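Please read the structure below before turning to the comments.
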Amino acid sequence: SRSGGMGEVGAAVSPDANSIHWGAAKLAFARQNAGIGISYTPWLRQLVPDINLGYLSGYKKIDENQALAVSLRYFSLGNITFTDIVGNVTGQFNPNEFAFDLAYARKLSEFFSGGLTLRYINSNLTGGIEVQGTQTRAGRTVAADLSGYYEKESEIFNKDGELAFGFAITNIGGKISYS
């Protein structure tokens, strides 16, 4: 929520337990040796009462230059009623998606670090129903993120500050298919 409140600037804010989401490279600059982050978001609560997003992440510094991190993101889309073309109920299902991430970050210089995140994605939107004679299945794939982070203490307008830049290239990987 901190990055969301700042205009989605997560790649450049100071490192914390949620850094794996924005760019794992930041974790090489984490000031604490370990951290855990937990969040729960009731999604579109005013429209639908049972959609939610849960997120659990954590990191551990290996030494002053390296860190490992993991995260689990779970998205429940609530209860869905399936109907045919004329509106007859054909079934009910609670579609959901989850992603499991494993990341490594390393300082490459005094002020710059790089990170690599590997991700397994499972997206079960249909519960295996048959659509136009084709059996559906959960979509599964793997992906990777590459990130970089630059951080340097500096003086800005005669005040001590910290200059930080970050980037992330996310979800590099295979396409996902449900049939």
Side-chain angles (χ1 to χ4, degrees), residues 1-27 30 34-60 68-105 115-147 166-179:
S1 54
R2 172 177 74 148
S3 293
M6 296 172 64
E8 303 295 336
V9 296
V13 297
S14 58
D16 62 17
N18 296 307
S19 291
I20 188 174
H21 178 77
W22 297 102
K26 298 187 326 178
L27 293 170
I36 294 176
I38 299 172
S39 70
Y40 172 80
T41 304
W43 202 270
L44 301 172
R45 186 63 68 194
Q46 302 293 7
L47 297 175
V48 183
D50 58 352
I51 298 177
N52 57 72
L53 175 66
Y55 186 68
L56 173 65
S57 62
Y59 75 92
K60 172 76 173 116
L68 290 174
V70 296
S71 73
L72 177 64
R73 182 174 36 245
Y74 180 80
F75 185 46
S76 173
L77 285 86
N79 191 37
I80 303 290
T81 301
F82 293 109
T83 60
D84 62 18
I85 197 165
V86 294
N88 297 320
V89 174
T90 59
Q92 296 232 321
F93 184 61
N94 186 2
N96 60 75
E97 300 180 320
F98 74 86
F100 175 75
D101 297 350
L102 179 61
Y104 173 74
L116 173 66
T117 303
L118 301 176
R119 175 175 302 112
Y120 172 75
I121 302 166
N122 184 81
S123 177
N124 191 356
L125 300 179
T126 63
I129 66 167
E130 190 174 302
V131 177
Q132 297 178 349
T134 302
Q135 188 72 33
T136 62
R137 60 180 169 79
R140 294 181 178 100
T141 193
V142 292
D145 298 350
L146 295 173
S147 58
F167 72 87
I169 302 168
T170 62
N171 292 324
I172 304 164
K175 294 183 178 186
I176 196 161
S177 175
Y178 297 94
S179 61

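Computed from a predicted model, the values in this text were never measured in an experiment.
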Subject >> Qualifying residue for side chain to side chain contact (heavy atoms under 4.5 Å, CB included) with Asp145, from Ile169, Asn171, Ile20 >> reply: Asn171
Quiz: residues 78-86 side-chain donor-acceptor pairs under 3.5 angstrom, not counting sequence neighbours:
{"from": "Asn79", "atom 1": "ND2", "to": "Gln92", "atom 2": "OE1", "distance (Å)": "2.9"}
{"from": "Thr81", "atom 1": "OG1", "to": "Gln92", "atom 2": "NE2", "distance (Å)": "2.5"}
{"from": "Asp84", "atom 1": "OD1", "to": "Val86", "atom 2": "N", "distance (Å)": "3.0"}
{"from": "Asp84", "atom 1": "OD1", "to": "Gly87", "atom 2": "N", "distance (Å)": "3.0"}
{"from": "Asp84", "atom 1": "OD1", "to": "Asn88", "atom 2": "N", "distance (Å)": "2.9"}
{"from": "Asp84", "atom 1": "OD2", "to": "Asn88", "atom 2": "ND2", "distance (Å)": "3.2"}

Subject >> Phe75 and Leu77: CA distance, side-chain angles, deciding distance, side chain to side chain contact (heavy atoms under 4.5 Å, CB included) verdict >> reply: CA-CA 6 Å; Phe75 185 46; Leu77 285 86; 3.7 Å; yes
Original post:
Partners of Arg73 by salt bridge (charged side-chain N to carboxylate O under 4.0 Å, His left out), sequence neighbours excluded?
Top reply: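 Expected list: none.
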Original post:
Would you say the side-chain atoms of Ser19 pair up with the backbone N or O of Leu27, donor to acceptor, closer than 3.5 Å?
Top reply: no
Original post:
If you measure from CD1 on Ile36 to CG on Asp16, what distance do you get to the nearest 0.5 Å?
Top reply: 13.0 Å
**OP:** Give, for atom CG of Leu56 and atom CG of Asn18, the distance between the pair rounded to the nearest 0.5 Å.
**Re:**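 Atom-to-atom, Leu56:CG and Asn18:CG are 9.5 Å apart.
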Could you list the residues that satisfy side chain to side chain contact (heavy atoms under 4.5 Å, CB included) with [X], not counting sequence neighbours?
X: Ala34; result: Lys60
X: Thr141; result: Ile121, Ile176
X: Val142; result: Tyr120

Under a 4.5 Å cut-off applied to non-hydrogen side-chain atoms, are [X] and [Y] in contact?
X: Leu146; Y: Ile172; value: yes
X: Tyr178; Y: Leu125; value: yes
X: Leu68; Y: Tyr104; value: yes

Subject >> Summary of salt bridge (charged side-chain N to carboxylate O under 4.0 Å, His left out) pairs that have at least one residue in residues 91-100, sequence neighbours excluded >> reply: none
Check [X] against [Y] and note the closest heavy-atom contact, atom names and distance.
X: Ser177; Y: Arg137; value: O-NH1, 3.6 Å
X: Asn122; Y: Ala138; value: OD1-CB, 4.1 Å
X: Ala30; Y: Pro15; value: N-CG, 3.9 Å
X: Gly35; Y: Ala17; value: C-CB, 3.8 Å

Non-neighbouring partners of [X] that pass side-chain hydrogen bond (donor to acceptor under 3.5 Å, both in side chains), sequence neighbours left out:
X: Thr117; value: none
X: Ser76; value: Asn94
X: Thr136; value: Thr126
X: Asn124; value: none

Original post:
With Tyr55, which residues qualify under ring-ring contact (aromatic ring centres under 6.0 Å, His included), at least two apart?
Top reply: His21
